[in-house]
> 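Here's a structure for you.
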Amino acid sequence: MAVRKFKPVTPGQRNKVISAFDDITAKKPEKSLIEPLKRTGGRNNQGKMTMRYIGGGHKKMYRVIDFLRDKDECTAKVMTIEYDPNRSARIALVQYEDGEKRYIIAPNGLKVGQEIASGSGVAPEVGNCLPLSEIPLGTLVYNIELRPGQGAAMARSAGTYAQLAAREGNHAILRLPSGETRMVLVSCRATVGTVSNPDHNLESHGKAGRRRWLGRRPRNRGVVMNPVDHPMGGGEGRASGGHPRSRKGLPAKGYKTRNPKSTSNKFIIERRKK
């Protein structure tokens, strides 16, 4: 996978860097696996704006992704690798031996025609999903469950992965993309490999209009607002508003927002690096 750069024949193309899409093998999604996706514009059920800077954007359908990978009795063949407008990673359409089709998050290196499987006793190969108790130590995994049967919750974004560092009793120790080290039950499932589209972080929109296509409206800074609108607003001239904080007054630099009484604290061995 690679990125495309453009000749600067227009101001918008001068800094534009997008995915080459050379790994995509299908243009249209599987009709049986798509659902309508209604835009909210950042409004709640009363029509009031609860999230700012959201609105517009291109119409899109939701692709139903199989995060459970619970079809253990048969293997599946990769039919296509597709673009998903709802996530940064690529998705793969797989068809099982009984004819059922599902979408999965495609790992890096997955090819059309390849066979994948899930369940206990499966070989720890790229694209296969199995319990953490059966994955060799040091293996890179993604789509990790936090609770058995919950479905993949961690390491689902483009290019991400976690490393299985050790096993202690009923828990596996994982080193997550953030640098955090935490324990997860060995009965939880994970998929072997790394998430596809690793060059996603190199992309650059190049112009404001491309962000509007994604449904993101202009975001104005707090320091240019009035004191009634933001804690950092106001001042004479180009005053820079004091300590950086959110609109609600919460400090933005280094202030811990995690609940110290959170039940999952006991599973975190080392917090993420600042």
> Is there side-chain contact between R245 and M232, with at least one heavy-atom pair below 4.5 Å?
yes
> State plainly whether one hydrophobic cluster holds both V112 and L110, where clusters connect Ile, Leu, Val, Met, Phe, Trp and Tyr through side-chain heavy atoms under 4.5 angstrom apart.
yes
> Show the nearest heavy-atom pair for residues S196 and A106, with the distance to one decimal.
OG-O, 2.7 Å
> Under 4.0 Å between a Lys/Arg side-chain N and an Asp/Glu carboxylate O for R271 and E180?
yes
> Can you find a heavy atom in the side chain of L176 that is under 4.5 Å from one in the side chain of T160?
no
> To the nearest 0.5 Å, how far apart are CD in E82 and CG in L33?
9.0 Å
> Group every Ile, Leu, Val, Met, Phe, Trp and Tyr by side-chain heavy-atom contacts under 4.5 Å, then state whether I135 and I104 land in the same group.
no
> What residues, two or more places apart in sequence or in another chain, satisfy side-chain hydrogen bond (donor to acceptor under 3.5 Å, both in side chains) together with N220?
Y53
> Got more than 12 heavy atoms from elsewhere within 6.0 Å of CE, M49?
yes
> Does any non-hydrogen side-chain atom of L174 lie less than 4.5 Å from one of L164?
yes
> Near R238 CZ, under 6.0 Å, is it more than 12 heavy atoms from other residues, nucleotides or ligands?
no
> For residues V94 and A76, report the shortest heavy-atom separation together with the two atoms involved.
CB-CB, 4.0 Å
> Looking at R247 and D229, would you say the former's side chain and the latter's main chain have a donor-acceptor pair under 3.5 Å?
yes
> First locate atom CD1 of I144, then atom CD of Q150, and finally report the distance between them rounded to the nearest 0.5 Å.
12.0 Å
> Decide if atom CZ of R39 counts as having more than 12 heavy atoms of other residues, nucleotides or ligands within a radius under 6.0 Å.
yes
> I91 and F67: same hydrophobic cluster, using ILVMFWY side-chain contacts below 4.5 Å?
yes
> I need the minimum non-hydrogen distance between G149 and L68, along with the two atoms involved.
O-CD2, 3.3 Å
> With a sphere of 6.0 Å drawn around OH of Y161, does it hold more than 12 non-hydrogen atoms of other residues, nucleotides or ligands?
no
> With a cut-off of 6.0 Å (strictly less than), are more than 12 heavy atoms of other residues, nucleotides or ligands near CZ of R14?
no
> Report the C-alpha separation of T40 and M51 in whole Å, then their side-chain angles, then the decisive distance to 0.1 Å, and conclude whether the side chain to side chain contact (heavy atoms under 4.5 Å, CB included) test is met.
CA-CA 10 Å; T40 63; M51 290 293 293; over 6 Å; no
> Could you tell me whether the side chain of N44 and the main chain of Q46 form a donor-acceptor pair under 3.5 Å?
yes
> For residues 12-51, pull every pair meeting ring pair (Phe, Tyr, Trp, His ring centres under 6.0 Å), keeping only residues two or more places apart or in separate chains.
F21-Y83
> Rounded to the nearest 0.5 Å, how far apart are CG of N128 and OG1 of T191?
8.5 Å
> Could you please spell out the steps behind the side chain to side chain contact (heavy atoms under 4.5 Å, CB included) verdict for H200 and V195?
CA-CA 11 Å; H200 175 72; V195 185; over 6 Å; no
> Is there a path of hydrophobic side-chain contacts, each under 4.5 Å between heavy atoms of I, L, V, M, F, W or Y residues, that connects V78 with V192?
no
> Roughly how far apart are R69 CZ and I105 CD1, rounded to 0.5 Å?
10.5 Å
> Does any part of the side chain of E125, heavy atoms only, come nearer than 4.5 Å to the side chain of Q114, both counted from C-beta?
no
> Please enumerate all residues that pass side-chain hydrogen bond (donor to acceptor under 3.5 Å, both in side chains) together with T194, with sequence neighbours excluded.
none
> Flag the pair D98 and K71 as a salt bridge only when some basic side-chain nitrogen lies within less than 4.0 angstrom of an acidic carboxylate oxygen.
yes
> So which pairs with a foot in residues 229-263 pass ring pair (Phe, Tyr, Trp, His ring centres under 6.0 Å), sequence neighbours left out?
none
> When hydrophobic residues are tied together by side-chain contacts of less than 4.5 Å, even through go-betweens, does I81 share a cluster with I116?
yes
> Might you point out which heavy atoms bring V186 and A172 nearest each other, and give the distance in Å?
CG1-N, 3.6 Å
> Regarding R147 and E145, does a basic nitrogen lie under 4.0 Å from an acidic carboxylate oxygen?
no
> Is any side-chain heavy atom of P231 less than 4.5 Å from a side-chain heavy atom of K248?
no
> Between T181 and E270 (side chain of the first, backbone of the second, donor and acceptor by atom type, cut-off under 3.5 Å), is there such a pair?
no
> Taking all atoms of both residues into account, what is the closest heavy-atom pair of D84 and A89, and its distance?
CB-O, 4.3 Å
> Heavy-atom count around R43 CZ within 6.0 Å, excluding the residue itself: above 12?
yes
> Checking side-chain polar atoms at under 3.5 Å, does S88 have a donor or acceptor matched by the opposite partner on S157?
yes
> Report yes if some heavy atom in the side chain of T25 is under 4.5 Å from a heavy atom in the side chain of R90; otherwise report no.
no
> Should H205 and L214 be marked as a side chain to side chain contact (heavy atoms under 4.5 Å, CB included) after you check the CA-CA gap, both sets of side-chain angles, and the distance that decides it?
CA-CA 10 Å; H205 296 316; L214 298 173; 3.5 Å; yes
> How many angstroms lie between CG in L137 and CD in Q163, if you round to the nearest 0.5 Å?
9.5 Å
> If you define the side chain from C-beta out and look only at heavy atoms, does anything of I269 sit under 4.5 Å from M183?
yes
> Not counting sequence neighbours, which residues clear side-chain hydrogen bond (donor to acceptor under 3.5 Å, both in side chains) with N170? List them please.
none
> Are there over 12 heavy-atom neighbours, none belonging to K60, within less than 6.0 Å of that residue's NZ?
yes
> For E168, does the CD atom sit with more than 12 other heavy atoms under 6.0 Å from it, leaving out its own atoms?
no
> Looking only at non-hydrogen atoms, find the nearest pair between G119 and P131 and report the distance.
O-CD, 4.1 Å
> Rounded at 0.5 Å granularity, tell me how far CG in L202 sits from CG in N197.
9.5 Å
> Give a yes or no on whether the backbone of G121 and the side-chain of E134 come within a donor-acceptor separation of less than 3.5 Å.
yes
> Do the non-hydrogen side-chain atoms of P148 and L185 ever get within less than 4.5 Å of each other?
yes
> Under the ring-ring contact (aromatic ring centres under 6.0 Å, His included) test, which residues partner F267, sequence neighbours left out?
H171
